[in-house]
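Written out below as structure tokens is the structure these notes cover.
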Amino acid sequence: MKFTITGRNIAVTERLKAQVEKKLGKLSKFFTPDTTALVTLSVQKDMQTIEVTIPVKGSIIRAEESSTDMYVSIDLVEEIIERQIRRHRKKLIDKTQHAESFSSLFEEEESPEEEAEIKIVKIKKFDFKPMDPEEACLQMELLGHNFFVFKNAETDETCVVYKRKGDTYGLIEPEG
């Protein structure tokens with residue numbers, strides 16, 4: 001597994017780099033040697049954040065953790081990624097996708113815990129009201145939700161607005 005480590009508002013020292021490679025290197029047993037993990041270390045005020053993105057065929061494994069100590073953040077993000085990989089093992093290693101990014105050891109390894117079934121416990125139906133993304137953000141805030149599905153009045157497409165960290169918003173639109 002290869003690592004691309006960058007820093008924002010922080011100098012990436014050899015010690016930090018070694019710690020990232022040591023901790024995330026434990027995950028290399030799950031991937032082929034040519035898989036690249038993109039690691040971004042950043043500092044904002046007193047929070048030390050690490051973001052890890054591992055692109056794999058047809059999917060992305062991503063985790064982000066913040067704490068007051070970068071080494072603690074590295075430990076936390078490693079646990080999260082390993083948990084994601086183990087939880088989604090069957091989805092990630094679909095034999096029809098040939099699992100190019102994963103090692104054969106990972107494919108053959110048995111899962112110690114049973115796979116949890118996805119259970120839908122609530123179904124909600126509502127009418128789509130055409131609106132612009134700004135109005136959708138206001139509706140989302142009024143409802144106290146983290147996301148809101150709406151029909152874009154300009155494009156007539158179904159879109160989603162969602163709340164991001166730092167009191168910002170994201171918009172998901174279909175392609176094409």
Side-chain angles (χ1 to χ4, degrees), residues 1-109 111 113 115-116 118 133 137 140 145-149 159-176:
M1 190 165 170
K2 301 173 193 166
F3 296 96
T4 304
I5 303 171
T6 57
R8 282 191 219 137
N9 301 330
I10 186 172
V12 181
T13 63
E14 286 301 316
R15 187 169 172 228
L16 265 177
K17 197 178 223 182
Q19 183 70 6
V20 168
E21 290 176 359
K22 176 184 170 194
K23 283 295 186 177
L24 297 180
K26 293 177 184 177
L27 303 174
S28 63
K29 66 182 178 184
F30 298 123
F31 300 99
T32 58
D34 61 337
T35 303
T36 302
L38 307 169
V39 180
T40 305
L41 307 172
S42 61
V43 176
Q44 266 191 340
K45 296 184 183 174
D46 62 341
M47 294 306 289
Q48 315 261 332
T49 304
I50 179 172
E51 298 174 42
V52 179
T53 305
I54 305 171
V56 293
K57 183 176 174 80
S59 185
I60 292 176
I61 298 170
R62 184 183 180 285
E64 178 180 333
E65 266 308 312
S66 296
S67 71
T68 55
D69 181 22
M70 185 60 78
Y71 295 98
V72 173
S73 296
I74 293 169
D75 291 343
L76 293 172
V77 84
E78 184 260 334
E79 292 171 8
I80 290 171
I81 289 184
E82 186 170 1
R83 198 168 49 238
Q84 281 180 0
I85 292 169
R86 291 188 186 281
R87 188 180 315 132
H88 299 293
R89 172 185 316 242
K90 287 192 170 96
K91 292 178 198 169
L92 294 172
I93 303 180
D94 184 0
K95 294 294 181 188
T96 60
Q97 292 181 358
H98 305 294
E100 292 174 359
S101 298
F102 293 100
S103 70
S104 58
L105 185 115
F106 178 59
E107 294 173 29
E108 295 164 5
E109 184 180 301
S111 177
E113 70 258 0
E115 290 291 321
I118 297 173
C137 289
M140 176 181 63
H145 292 171
N146 294 328
F147 69 93
F148 187 78
V149 180
C159 300
V160 177
V161 290
Y162 60 96
K163 192 164 189 133
R164 296 175 47 95
K165 291 182 181 175
D167 292 329
T168 59
Y169 300 95
L171 174 66
I172 300 174
E173 297 180 310
E175 278 188 13

>> Once side-chain hydrogen bond (donor to acceptor under 3.5 Å, both in side chains) is applied, do any residues pair with E65, and if so which ones, sequence neighbours excluded?
In response: none
>> Checking S73 now: which residues fulfil side-chain hydrogen bond (donor to acceptor under 3.5 Å, both in side chains) with it, not counting sequence neighbours?
In response: S67
> Heavy atoms, side chains only, cut-off 4.5 Å: are K17 and V39 in contact?
Replying inline: no
Those residues that, when tested against [X], pass side-chain contact (heavy atoms from CB on, under 4.5 Å) (two or more places apart):
X    : value
I172 : V160, Y162
K26  : K23, E78
P174 : E157, C159
T13  : R15, L16

Interatomic spacing from [atom1] in [X] to [atom2] in [Y] - rounded to 0.5 Å:
X   : Y   : atom1 : atom2 : answer
I61 : T35 : CD1   : OG1   : 9.0 Å
D34 : M1  : CG    : CE    : 11.0 Å
T6  : L38 : OG1   : CG    : 8.0 Å

> Under the side chain to side chain contact (heavy atoms under 4.5 Å, CB included) criterion, do Q19 and D75 qualify, and how do the steps go?
Replying inline: CA-CA 9 Å; Q19 183 70 6; D75 291 343; 4.0 Å; yes
Can you see which heavy atom on [X] is nearest to which on [Y], and at what distance?
X    : Y    : value
Q84  : A63  : NE2-CB, 4.5 Å
F148 : M140 : CB-CB, 3.7 Å
V161 : P133 : CG1-O, 4.0 Å

Anything under 3.5 Å between a donor and an acceptor, one on a side chain of residues 47-56, the other on a protein residue two or more places apart or in another chain? List them.
residue, atom, partner, partner atom, Å
T49, OG1, S66, OG, 2.7
E51, OE1, R62, NH2, 3.3

> So which pairs with a foot in residues 164-176 pass side-chain hydrogen bond (donor to acceptor under 3.5 Å, both in side chains), sequence neighbours left out?
Replying inline: E64-K165, E141-Y169
> Is the side chain of D46 donor-acceptor paired with the backbone N or O of T68 at a distance under 3.5 Å, no angle test?
Replying inline: no
